There are 2 protein chains.
Amino acid sequence: MDLDARKLGILKAIIDEYIMSASPVGSRAISKHEEFNLSSATIRNEMADLEELGYLEQPHTSAGRVPSDKAYRLYVDQMMQKAALTDGEIKIIRAHMSAKLDEVESVMKQTAQALSAVTNYTAMVMPPMLASNRLRHIQLVPLREGRALVIIVTTAGFARDAVIRVPEDMRTGELERISHVLTERFYDCRMDQIGERIAREMSGEIFERRSFLCSVIEAIEKKMGPDSPNVQLSGATNMLHYPEYADMNKAKSFLAAVEGRSMLYEMLKRASKLEFTITIGNENPDEMFKDCSIVTATYQIGEEPLGSFGIIGPTRMNYGKVISVLEYMRRSLSEMLTNDLDE
Amino acid sequence: MDLDARKLGILKAIIDEYIMSASPVGSRAISKHEEFNLSSATIRNEMADLEELGYLEQPHTSAGRVPSDKAYRLYVDQMMQKAALTDGEIKIIRAHMSAKLDEVESVMKQTAQALSAVTNYTAMVMPPMLASNRLRHIQLVPLREGRALVIIVTTAGFARDAVIRVPEDMRTGELERISHVLTERFYDCRMDQIGERIAREMSGEIFERRSFLCSVIEAIEKKMGPDSPNVQLSGATNMLHYPEYADMNKAKSFLAAVEGRSMLYEMLKRASKLEFTITIGNENPDEMFKDCSIVTATYQIGEEPLGSFGIIGPTRMNYGKVISVLEYMRRSLSEMLTNDLDE
DNA sequence: TATTAGCACTCTGTTTTATTGAGTGCTAAC
DNA sequence: GTTAGCACTCAATAAAACAGAGTGCTAATA
């Protein structure tokens, strides 16, 4: 017994149906599909086979069948067709993205909102990882006594800042001078190589302000590292609309898991190595998301991947639509970051 | 019939009891309090009076009584005692606040988390409004052709950035020069007065780069204005633990209201004029929060109020504890921003 | 041999009905 | 002014009855 064309067709019909209705689908519902022209009894036999093969599951004896994770996997790999965006959906996205966005933070936020508004699932967006960016400018700004703000700007226009200590006897002019020296020396250096280069190039030389410089570099490195997990989240409550989360406890634990961004951050980081990922139910390493599916995409400036974003929904998710939305968003986000960040 | 001492005592007992139990309190429960030494029948009479006076309500005949908003108001104004923080609670706060916090963003986030962890309600923290800050530094950093990043630093060490357009023919040196001129000219000027001063002082002079300068100032002003509403939120799901939100729909609408930060932002902005505010149920202008109470406090650097934060919970909230927590937090946050933003 | 009609059976979800128990208001006695 | 006593109310829970969707199996059919 193997998966012939008919079984495949029936399985697809069941999955499509279940994605729509969220309730177990019975043989009669499928037998009504004209393309098959089979009685419910025949469908029942086929369904029994599909169950044996592991593609369907029965919540209890006299309910219809529900697709298994294995079935969804097959579905996204071979059967599903992408659903092009409707005009309405494009409009929604545009509405979010066309506002004057002059700050990375708000681009991330709007992206998340657009995604969740269009898909009705939960959206997450990871801020850009700056490791692959190149340094454009370093500026030290004196604050009250003993403190200064160090600001780093990358080629792509991202800025980070941190408060650092400054030796009491240092004058403003000197901070200005150091800013210049550092900018010049590390101009166009990859952010994740600054630490290394400092170790190499400065080891021989003698700097009056050695320890201070080290603390500056340290602060910079910290900011560039695993970019402080402020993942943008939007539409977490969308999940409450779905019958999968009608149970209070399930809803509670989902929301709690998602609220403490860290799991999402890990997921997105993992996913940022591939242009797209689809993770279905069990395939998810986090126990918490065993009955969710997660679809992600990466965004980039030019050729450099910068970060990733994605949506979380029930395994019974409208994969075709979601994938199209992410493809669209990936393009428009990358474009936006490359060209338009200011109008 | 008026509120004599006995009625007051009984009312307080009822409120305290209800805050603990969340279920309507009956006459028998109160009659057991030793301090009164009254039978349940007497209590019943008093309760009937209190109901007539508008301090108690009955969900239905044959249930106990529930305090009205009016009762809570009286409670917080006159009867409630503050509950000092326990060692455990202080430890929780310290754990959040003592991490290396070198960025305002993360201070806000940690504050929100500490608040929600300690109170078990929902916490919100508004980022600093920079209007009353003074300018410390302006820096223009050239990016790809035609774009630059403008960075503003205030005395208190807050930085903001925005991408702006630059005339194609402008050279790096010129941007550097303009940075210096602007910094010098507006050094120590209140952020919310820069626009005004520009209008006044520059109207006479002729600058080669007039329109460009205007766009720089415009970008600055926008950043300083109603500080882009990225209110930090934490513990929204805490509410789901309370029987008040056992109903899915209530939970859903609360979470949705809170997710779109904007209402919270408005609340916090309004509240930022007073050191503390307590808003109970109906007193809240937002329909959405008619059965919540909101307690807020402001934080500051030196004498200047910078922003506010607070917690949202059911009207049946542990006011005494919450107020103590906010007082504590107000001090430690203000201190932190004034002195320690770097270790 | 593959398909189908028919039928008994299973199991959930909903509605209906009883039952319990906490709490009240009122009256009459203290 | 206080209290014991009692009838009454009402929500919440449990138990019972019922409806309906769906299945698996068997025997007939093409």
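Chain identifiers are assigned alphabetically (A, B, ...) following the order of the sequence lines, protein sequences preceding nucleic acid strands; residue numbering begins at 1 within each chain. What you see is a predicted model, and the numbers here were worked out from it, not measured in a lab.
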A/L255 and A/M239, any side-chain heavy atoms less than 4.5 Å apart: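 No, side chains not in contact.
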Beyond-backbone contact of A/M124 with A/L115, side-chain heavy atoms, under 4.5 angstrom: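 No, too far: nothing below the 4.5 Å cut-off.
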Ion pair check, A/D69 and A/R73, cut-off under 4.0 Å: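 No, A/D69 and A/R73 are not salt-bridged.
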Lys/Arg N to Asp/Glu carboxylate O, A/K91 vs A/D87, below 4.0 Å: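 Not counted as a salt bridge, because no side-chain N and carboxylate O are separated by less than 4.0 Å.
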Qualifying side-chain hydrogen bond (donor to acceptor under 3.5 Å, both in side chains) pairs, either residue in residues 51-63 of chain A, two or more places apart: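 Listed by first then second residue: A/E51-A/R65.
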Test item: side-chain donor near acceptor, B/Y75 and B/D16, under 3.5 Å: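 The answer is yes; a qualifying pair exists.
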Test item: side-chain donor near acceptor, B/S234 and B/S116, under 3.5 Å: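 Present: a donor and an acceptor within the cut-off.
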Exam field: side chain A/K70 to backbone A/L53, donor-acceptor pair closer than 3.5 Å: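 Checked: pair present.
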Test item: B/T237 side-chain N/O and B/G235 main-chain N/O as donor-acceptor pair under 3.5 Å: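 Looks like no, no N/O pair under 3.5 Å.
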Enumerate donor-acceptor pairs with a distance under 3.5 Å from any side-chain N or O in residues 286-293 of chain B to protein atoms, sequence neighbours excluded.
residue : atom : partner : partner atom : Å
B/K290  : NZ   : B/N282  : O            : 3.4
B/K290  : NZ   : B/N284  : O            : 2.7
B/D291  : OD2  : B/K250  : NZ           : 2.7
B/S293  : OG   : B/Y319  : OH           : 2.6

Enumerate the protein-to-nucleotides 27-29 of chain D contacts in which both atoms are nitrogen or oxygen and the separation is below 3.5 Å.
none

B/T42 or B/P59, whichever maps to the more 5' nucleotide of DNA chain D: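 First, find each residue's nearest nucleotide; the 5'-ward one identifies B/T42.
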Residues in side-chain contact (heavy atoms from CB on, under 4.5 Å) contact with A/V66, at least two apart in sequence or another chain: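 If we apply the side-chain contact (heavy atoms from CB on, under 4.5 Å) test to A/V66, skipping adjacent residues, the hits are A/Y18, A/P24, A/P59.
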Length of the [atom1]-[atom2] vector between [X] and [N], whole Å:
X: A/F36; N: C/dT4; atom1: CZ; atom2: C1'; value: 17 Å
X: A/E57; N: D/dG22; atom1: CD; atom2: P; value: 18 Å
X: A/H60; N: C/dC9; atom1: NE2; atom2: C1'; value: 14 Å
X: A/L38; N: C/dT4; atom1: CG; atom2: P; value: 5 Å

Stretch residues 2-16 of chain A: residues that reach within less than 4.0 Å of DNA chain C through a heavy atom: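 Of all residues in residues 2-16 of chain A, the ones placing a heavy atom under 4.0 Å from DNA chain C are A/R6.
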B/S/- contact track for nucleotides 22-30 of chain C, protein heavy atom under 4.0 Å: -BBBB----
